[in-house]
Amino acid sequence: MTFYIISISLLAFVAIYALMGVWAERKISALIQDRVGPVETGKFGLLQTFADIIKLLQKEDIVPTTADKVLFTLAPVLVFTSVFMGFAVLPFSPAYISSNINIGLFYFMAIISIEVVGILMAGWASNNKYAFLGSIRSIAQIIAYEIPAGIAVLSAVMIYQSLNLQEIAFQQGIYAKSDIYFFGFWKVNTVGGFLSWGVFQAPHLFVAAIIYFIASLAEANRTPFDIPEAESELVAGFHVEYSGFKFGALFLAEYAMMFLTSMVLVILFFGAWYSPLPNIAKVQLAEWTNGTYWGIFWILLKTLLIVVLQIWIRWTLPRFRADQLMNFCWKVLIPVSFACLFISAFWKLIVL
Amino acid sequence: MTNYKTDLTQLKNEEMILNMGPQHPSMHGVLRLELLTDGEIVKECTPHIGYLHRCFEKHAENLTYQQIIPFVDRMDYLTSMNNDHIFVMGVEKMMGIDQAIPKRTEYIRVLVSELNRIASHLIAIGTYGMDIGAVTPFFWCFRDREHILNLLEWASGARLLYNYIWVGGNFYDLPIGFEDRCSEFVEYFKPKMRDLDDLLTNNQIFINRTKNVGVLPLDVAVNYGCSGPMLRASGLKWDLRRVDEYSIYPELEFNVPMGEGLMGTVGDCWDRYYVRVQEVYESLHIIEQCLERLKGPLKRSADYDPRSNMPKKIIPKAQEFYIRGESPKGELGYFFVTDGKTERPIRCKARSGSFSNLSVLPEITKGAMIADIVAILGSIDIVLGEVDR
């Protein structure tokens, strides 16, 4: 019974988040572009995305005659399911985690790779040249960017010595069982706050965090890495033939993916559900602002800040070209992430 | 009916024909490109045009000169003032009344033409950002263009298709207060251009996308008859406002920006883009000088009538006459054949910059990637209304 309650509440959360995410994206882009964005529907246009979704649901569900109908229908389901399943292992607070498994991070990396299969299915089944080009670009990109993402994550895992996301979360603040050091010289188990976050436990983890962030942009197909759906080149890329509910599912999956990767970034590097406020002498801010409900607040706040950063980047930067994207990945990100991995190994051996 | 230039049965295994357009979002209207692709690489690119053909030349043969002006507006609908100005200049020269045009009228013409040139370049810059994937510059440019359109609407009554410059004069004098509002706009607009430079021109991703892409060597540019910013970006100082010294441009001070290959090769997409950015600054400079004179020595007076020199009947003597001028897209020319008896031209052919500039596309896109096609096409800055006419 609890299983159903948890999964349904997670689904509701993802759906509502995705709707609000679309609204936020429109509002933030409007702010950047000197517009006002949606204002007519509801207060501040808050209901605009609900209206859009209702419109999408009412639309005719078109399946092109030349499309592979089974794969065409299956693809959005697979994409959305795989992204949604990723939420299963994320700890929302010290007490709340849907599935506390010891290979949580490994599971996460594996499950979001399945999204690629869905995108390939969507592009292939559409039987459209633009969709096909979009999906092959997407495959090349996501497979390439999983390597630096995986290695950046690995260099963090070597510091935490765990693949369990809840355990990783615990190790970044005042509830940590093992000793944690600020840059390896100052024991911060009792101080907590942002000083004990993953990025401050070793200097190279900050680099790893940036690499993971860049790679997560690419995995979520966000600008400047949105070449699979590059609207000015491939019209809409792999989902060009989709309409109605299926398009809605792909659309929500993209926003859910943004949230998912941002949340993993927060869990790994930015103190998960720990408060950023440290204990200073008698002012026990970390003690006061940590706990089950505070945890949900902090992790959502941090994750949403990262999401806002992603949106900000999207509306500021142009798009890479496919070959430049690959160059950037293989010639910059992967060597640097490997360097992070080695430093992690030595750090664990020598400093700690 | 076969629409393809390439025979589909002759394709190799890995080749694919990709039709870009006419409904593609970055074809700047209704251009269709037939691409022969091998994965991401484009082996051949064939433009197909004619989706926006409106028989301008045939229409022109059945209309009086004054009636042709609205049709001229609709050729390049982003730069109607420039189209009008050059057309009217041609008719006036045929009539031999070009020296009788009052100075104030001529200054107003240049002022609105340069405003319109900025509006056109803003669209070129903004949509170019959009083609590369940056959406924000597009909105910034449209925001500033809106102010120009408001000014021009105030002067002429229309937002895009002005019909403001008439043979022998202007539709109206400038509205009262126009000069001040225009100065305010210039002051407002200058920092906005700097913002745009920060956002787009100096963006490393943007530079990477455009440098050394679609390089147009000078000899190819000259052979294909390219003109305007496209030719100047390839390194030739060829601006008809300076070469022909028409209208009151000799009295005005401005530079002719050229492509220098600052980021890569001379004549690449970045150069073409940057020439337009610099031309916006030059146009602003021209506008400032025009305003200075329109406020000072050529101030509005009660006895000034913009229509005073308009001929009752426009019947040029029998001749063949070619007039050209610098429109934002390139050399815009009109070729008239008149018989000296009727009020209508026997023939009125338009030579548009967009058309010649577009013709070079197959030459400079060989071996480019699909994403580059969009970048190159955007840097040519065509308006399909002017290509097809």
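All chains are named by letter (A, B, ...) in the order of the sequence lines, taking the proteins before the strands, and each is independently numbered beginning at 1.
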Exercise. Near Phe245(A) CZ, under 6.0 Å, is it more than 12 heavy atoms from other residues, nucleotides or ligands?
Worked result: no
Exercise. Applying a criterion of heavy atom separation less than 4.5 Å, what residues of residues 130-140 of chain B form contacts with chain A?
Worked result: Met130(B), Asp131(B), Ile132(B), Gly133(B), Ala134(B), Val135(B), Thr136(B), Phe139(B), Trp140(B)
Problem set entry | Residue-level contacts of residues 34-49 of chain A with chain B, using a heavy-atom cutoff under 4.5 Å | Asp34(A), Arg35(A)
Problem set entry | Which portion of Met20(B) sits near chain A, non-hydrogen atoms under 4.5 angstrom | both
Problem set entry | Heavy atoms of other groups near Phe142(B) CZ, more than 12 under 6.0 Å | yes
Exercise. Do other residues, nucleotides or ligands put more than 12 heavy atoms under 6.0 Å from Lys59(A) NZ?
Worked result: no
Exercise. Is Phe189(B) atom CZ crowded by more than 12 heavy atoms from other residues, nucleotides or ligands, each under 6.0 Å away?
Worked result: yes
Seminar exercise, completed: Looking only at heavy atoms, the pair that brings Asn19(B) and Tyr130(A) closest together is O-OH, 2.7 Å
For this session: Give, as side chain, backbone, both or neither, the part of Arg143(B) having an atom under 4.5 angstrom from any heavy atom of chain A.
Result: side chain
Problem set entry | Exercise: identify the closest heavy-atom pair between Ile205(B) and Pro318(A) | CG2-O, 3.9 Å
For this session: Inspect the surroundings of CZ in Arg181(B) and state if more than 12 heavy atoms from other residues, nucleotides or ligands are less than 6.0 Å away.
Result: no
Problem set entry | Salt bridge Arg321(A)-Glu40(B), side-chain N to carboxylate O under 4.0 Å | no
For this session: With sequence neighbours excluded, give me every salt bridge (Lys or Arg N to Asp or Glu O under 4.0 Å) pair touching residues 189-199 of chain B.
Result: Lys190(B)-Glu288(B)
Seminar exercise, completed: If one checks every heavy atom of Asn203(B) against chain A at 4.5 Å, the contacting part turns out to be side chain
For this session: Evaluate whether atom CH2 of Trp154(B) has more than 12 neighbouring non-hydrogen atoms of other residues, nucleotides or ligands under 6.0 angstrom away.
Result: yes
Exercise. Is there a side-chain contact (heavy atoms from CB on, under 4.5 Å) between Thr37(B) and Lys129(A) once you walk through the steps?
Worked result: CA-CA 11 Å; Thr37(B) 61; Lys129(A) 288 169 180 173; over 6 Å; no
For this session: Considering only heavy atoms, give the residues of residues 20-33 of chain A separated from chain B by less than 4.5 Å, sorted numerically, with 'none' for an empty result.
Result: Ile32(A), Gln33(A)
